[in-house]
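Report on the following structure.
All values reported here derive from a predicted model rather than from experimental measurement. Protein chains get the first letters and strands the later ones, always in sequence-line order, with residue 1 at the start of each.
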Number of protein chains: 2
Amino acid sequence: MKQSKISEAVVKRLPVYLNVLTELSKRDVQTVSSQELGQKLDLNPAQIRKDLAYFGEFGRKGIGYDVSYLIEKIRQILKLDKPLHVALVGAGNLGHALCNYNTYVEDNMKITAVFDAHPGKVGMKINGLTVQPMEELKETVGRLDIRVGIITVPAVEAQNVADRFIEAGIEAILNFAPVILKAPDEVRIHHADFTTQLLSLAYYLDKERDETDEGMAD
Amino acid sequence: MKQSKISEAVVKRLPVYLNVLTELSKRDVQTVSSQELGQKLDLNPAQIRKDLAYFGEFGRKGIGYDVSYLIEKIRQILKLDKPLHVALVGAGNLGHALCNYNTYVEDNMKITAVFDAHPGKVGMKINGLTVQPMEELKETVGRLDIRVGIITVPAVEAQNVADRFIEAGIEAILNFAPVILKAPDEVRIHHADFTTQLLSLAYYLDKERDETDEGMAD
DNA sequence: TAGATTGTTAATCGATTAACAATC
DNA sequence: TAGATTGTTAATCGATTAACAATC
């Protein structure tokens, strides 16, 4: 388990595998081959086998992978075999959306505290949780053993929130604000800004439409 | 302009550049070097120069890049030099969040129609837009020249929405549901499911905490 | 002129894919 | 045994980085 060598690309695919496997499990599928998985996910079967092989020998030659067993193993790898507590700052629409999502709950990841700097938001109930003021962040994070933070505040406030998270001992942050956060190397930061994703999509639009209609556009 | 050769990695970075450049522009910064950009974005300056050089010679040796000019050029590359209309299906919290975001508006990208399959949602006002029933999707997409679609519905409904989009002639889709969508090759699909992103974050948590506290945990 | 910085080629690094022996 | 499929090594492919001539 020389985890140091495992690339980000591999790690990013693990939850995707988990996703499909959970689907299969619900449909009572017992066994799956790398080829079947590859088809479903539009990935090369060799890549899937290689990804998994970084962490151990989970399959059986000639047979494939046992769905339940592989789910269990991937959960272990992702450290989702124990409940993992998450804090969220920013009780706007996006914050609400994330709190109401419960896909990750069955994966042992759960948002257990919500904060907002604006007094108008404090006290609100979101999916059973009460929005707390920022002043309570540090104490709550410690008390509930929260290790992951989500930032869903406007860009200007994001770095400040990150600093608070770091100060409180958060180990990893998922940032939805369109800002590059500064943080010490020990704190893992992932960027989930969808503005960027949306804009990049435009590149792939058919040019023809512009070129062909050049003269008659408008 | 052999666009065929440009990798997805490069295209994904362009909006990020645009972001920082817009920031700089607001602060009336005239000129920026690849080194400065690299520092801000935590990227190798050579990479930034190379990315830009795929599309033309936008800088001046010994000087750097003119901020406004580079913004203009990147907008052109991303086809954001003209207004680009976007439709969104799924008027839940996430849909609301995206509609209220206006970061991309200054980038010429705008959500101009919102749909929802559930009668309870139809007629709602979101940021000036009225939620329409799915039946009106095709007609509206045609009339408003909408070319990009965003899916913010639950996983089970996502493929159906995608099919409707494709039927209506949408060219690119940003999908927030945790499902791999099937679509013809001409339609570009980007995956923006944050469940996956959140789960992968867990991998990077410090194991020590588990190992050290092994005996005394709980 | 001297210093800075681009655009670009060459070198490096890393990730994906193909191929196949091992084995269920 | 024959067919299927893994785990893994080797080959390929692609992306990042270094280096430097060109030039502002």
Footprint ends on DNA chain D, 5' to 3', for atoms under 4.0 angstrom from a heavy atom of chain B, come out as D/dA15 to D/dC24

>> Can you confirm whether A/Gln30 is buried at CD, in the sense that more than 12 heavy atoms of other residues, nucleotides or ligands lie under 6.0 Å from that atom?
In response: no

A correct dot-bracket answer for DNA chain C, with pairs being Watson-Crick or G-U at under 3.5 Å, [ ] for crossing pairs and | for inter-strand pairs, is ..||||||||||||||||||||||

Contacts of A/Arg60 and A/Ala9 projected onto DNA chain C by closest heavy atom; the upstream (5') one is A/Ala9

| Has B/Lys5 got its NZ or CZ under 6.0 Å from the middle of the six-membered ring of B/Tyr54, at an angle within 45 degrees of the ring axis? | no

Result for 5'-nearest mapping on DNA chain C, choosing between B/Lys50 and B/Glu36, is B/Glu36

The reported gap from CE in B/Met109 to CG in A/Leu198 (rounded to nearest 0.5 angstrom) is 4.0 Å

Give a yes or no on whether a salt bridge exists between A/Asp51 and A/Arg13, defined as a side-chain N under 4.0 angstrom from a carboxylate O.
yes

Does the pair B/Lys138/B/Glu167 count as a salt bridge with the N-to-O cut at 4.0 Å?
yes

Across all chains, not counting sequence neighbours, the ring pair (Phe, Tyr, Trp, His ring centres under 6.0 Å) partners of A/His190 are B/Tyr204

Across all chains, not counting sequence neighbours, the ring pair (Phe, Tyr, Trp, His ring centres under 6.0 Å) partners of A/Phe194 are B/Tyr101, B/Phe176

Q) Distance-only, no hydrogens or angles: does the B/Asn93 side chain make a donor-acceptor pair with backbone N or O of A/Asn93 under 3.5 Å? A) no

Side chain to side chain contact (heavy atoms under 4.5 Å, CB included) with A/Tyr17: of A/Leu70, A/Leu41, A/Leu37, A/Val32, only one passes, and it is A/Leu41

| message | Students often get this wrong, so: under 4.0 angstrom with heavy atoms, is B/Glu57 touching a base, only sugar-phosphate, or nothing? | response | sugar-phosphate

B/Ser25 meets the side-chain contact (heavy atoms from CB on, under 4.5 Å) criterion, sequence neighbours left out, with B/Val67, B/Ile71

What is the nucleic acid contact for B/Arg49, judged by heavy atoms within less than 4.0 Å: base, sugar-phosphate only, or nothing? base

So, with a heavy-atom separation below 4.0 Å from DNA chain C, the residues of residues 62-71 of chain B are B/Gly62, B/Ile63, B/Gly64, B/Tyr65

